[in-house]
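Per chain, numbering begins at 1; letters A, B, ... match sequence-line order.
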Amino acid sequence: MDSAEFHANVYDAVRQIPHGRVTSYGHIAKLIGMPRHSRHVGQALKFLDVNSDIPWQRVVSSSGKISSRGPGTNGAQRQREALEDEGVEVRVTRENEFSVNFATYGWFPDSIELEGGGGEEEVQEEDQ
DNA sequence: CCCCTGACGGTCG
DNA sequence: CCGACCGCCAGGG
């Protein structure tokens with residue numbers, strides 16, 4: 001799998017996150033069969049335009065926090081607004097970071113159906 | 001080829 | 001809950 005295919009799979013997986021739900025970079029990595037590549041999932045999302053048809057805002061870190069893009073950037077704030085716009089509650093920590101409650105909004109299926117087919121995978125939801 | 005850099009993750013105290 | 005640490009891995013210099 002080259003990087004182009006990796007990106008395609010990431011986008012494919014992210015598109016399947018339901019409206020009003022969130023998952024983590026690491027879980028997206030697992031769903032596309034590359035569990036150790038969580039950092040690269042983030043890298044793939046960084047290419048997207050803010051008005052992309054891909055719901056990039058539904059991906060946060062494994063702790064439920066919205067990843068900072070570094071001081072002086074507003075990406076995290078934009079993500080917060082995008083999530084609140086679709087009904088997701090975002091808590092502000094004392095360090096001025098944003099976090100989402102996985103118990104309420106988390107979406108972590110064991111597997112999904114990828115576009116490339118070869119689908120021996122089946123969809124299994126599990127809420128909490 | 002070595003070194004540093006991340007929209008990351010898990011463990012431990 | 002929080003910080004300190006360590007592991008991970010493709011890209012870029």
Trainee: Please report, rounded to the nearest Å, how far the C1' atom of B:dC8 is from the CG atom of A:L31.
Mentor: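 It works out to 15 Å between those atoms.
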Trainee: Mind listing the residues from residues 51-61 of chain A sitting with a heavy atom below 4.0 Å of DNA chain B? Number order is fine.
Mentor: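 DNA chain B contact set from residues 51-61 of chain A: A:W56, A:S61.
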Trainee: Would you indicate whether A:E84, at its atom CD, is surrounded by more than 12 heavy atoms from other residues, nucleotides or ligands within a distance under 6.0 Å?
Mentor: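 Yes, because the 6.0 Å sphere around CD of A:E84 holds more than 12 heavy atoms from other groups.
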Trainee: Determine yes or no for a side-chain-to-main-chain donor-acceptor pair under 3.5 angstrom, with A:Q79 supplying the side chain and A:V59 the backbone.
Mentor: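 Looks like yes, one N/O pair under 3.5 Å.
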Trainee: Could you tell me whether the phosphate oxygens of C:dC2, OP1 or OP2, come under 4.0 Å of any side-chain nitrogen or oxygen in A:R94?
Mentor: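 So the side chain of A:R94 is within the cut-off, an N or O lying under 4.0 Å from OP1 or OP2 of C:dC2.
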Trainee: Taking only side-chain N and O atoms of A:S68, does any of them lie within less than 4.0 angstrom of OP1 or OP2 on B:dA7?
Mentor: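 Answer no for this pair, as no side-chain N or O of A:S68 is under 4.0 Å from OP1 or OP2.
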Trainee: Take the protein atom CZ of A:R69 and the nucleotide atom C1' of B:dT5, then report the distance between them rounded to whole Å.
Mentor: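 Rounded to the whole Å, the gap is 17 Å.
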Trainee: At under 4.0 Å between heavy atoms, what does A:G26 touch on the DNA or RNA strands: base, sugar-phosphate, or nothing?
Mentor: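 The answer is sugar-phosphate, as A:G26 gets under 4.0 Å only of primed atoms, P, OP1 or OP2.
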Trainee: Return yes when atom CZ of A:R36 has more than 12 non-hydrogen atoms of other residues, nucleotides or ligands closer than 6.0 Å, and no otherwise.
Mentor: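 Counting other residues, nucleotides and ligands, CZ of A:R36 stays at 12 neighbours or fewer.
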Trainee: Under the side-chain contact (heavy atoms from CB on, under 4.5 Å) rule, collect the residues that match up with A:S52, sequence neighbours excluded.
Mentor: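 Result, side-chain contact (heavy atoms from CB on, under 4.5 Å) vs A:S52: A:L48, A:I54.
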Trainee: May I ask you to decide if A:Y25's main-chain N or O and A:S38's side chain share a donor-acceptor pair within less than 3.5 Å?
Mentor: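 No.
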Trainee: Looking at A:S63, does any N or O in its side chain come under 4.0 Å of the phosphate oxygens OP1/OP2 on B:dG9?
Mentor: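 Checking B:dG9 against A:S63, no side-chain N or O comes under 4.0 Å of OP1 or OP2.
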Trainee: Would one find a side-chain N or O of A:S67 under 4.0 angstrom from OP1 or OP2 of B:dC8?
Mentor: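 Answer is yes, contact under 4.0 Å.
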Trainee: Measure from the side-chain N and O atoms of A:D12 to the backbone N and O of A:E115, and report whether any donor-acceptor pair falls under 3.5 Å.
Mentor: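 Judged by distance alone, yes, a pair lies under 3.5 Å.
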Trainee: Nucleotides 9-13 of chain C: which of its N/O atoms have a protein N/O under 3.5 Å away?
Mentor:
from, atom 1, to, atom 2, distance (Å)
C:dC9, O4', A:H40, NE2, 3.4
C:dC9, O2, A:H40, NE2, 3.3

Trainee: Any side-chain N or O of A:S38 below 4.0 angstrom from OP1/OP2 of B:dC8?
Mentor: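 No.
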Trainee: Parallel, tilted or perpendicular: which describes the rings of A:H40 and A:F6, with under 30° parallel and over 60° perpendicular?
Mentor: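 Plane angle over 60°, so perpendicular.
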Trainee: How close or far is atom P of B:dA7 from atom CZ of A:F6, stated in whole angstroms?
Mentor: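 That distance rounds to 14 Å.
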Trainee: Suppose you measure atom C1' in B:dA7 against the same atom in C:dG13; what distance do you get, rounded to whole Å?
Mentor: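 The answer is 22 Å between these two C1' atoms.
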Trainee: Tell me the interatomic distance from A:K65, atom NZ, to C:dC1, atom P, rounded to whole angstroms.
Mentor: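 For the pair A:K65 NZ and C:dC1 P, the rounded distance is 10 Å.
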Trainee: Quick one: closest heavy-atom pair of A:S61 and A:S67, and the distance?
Mentor: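 That would be CB-OG, 4.0 Å.
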Trainee: Is the side chain of A:Y11 donor-acceptor paired with the backbone N or O of A:A44 at a distance under 3.5 Å, no angle test?
Mentor: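 Yes; at least one donor-acceptor contact below 3.5 Å.
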Trainee: Of A:K30 and A:R78, whose nearest nucleotide on DNA chain B comes first from the 5' end?
Mentor: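 Per heavy-atom nearest nucleotide, the more 5' residue is A:R78.
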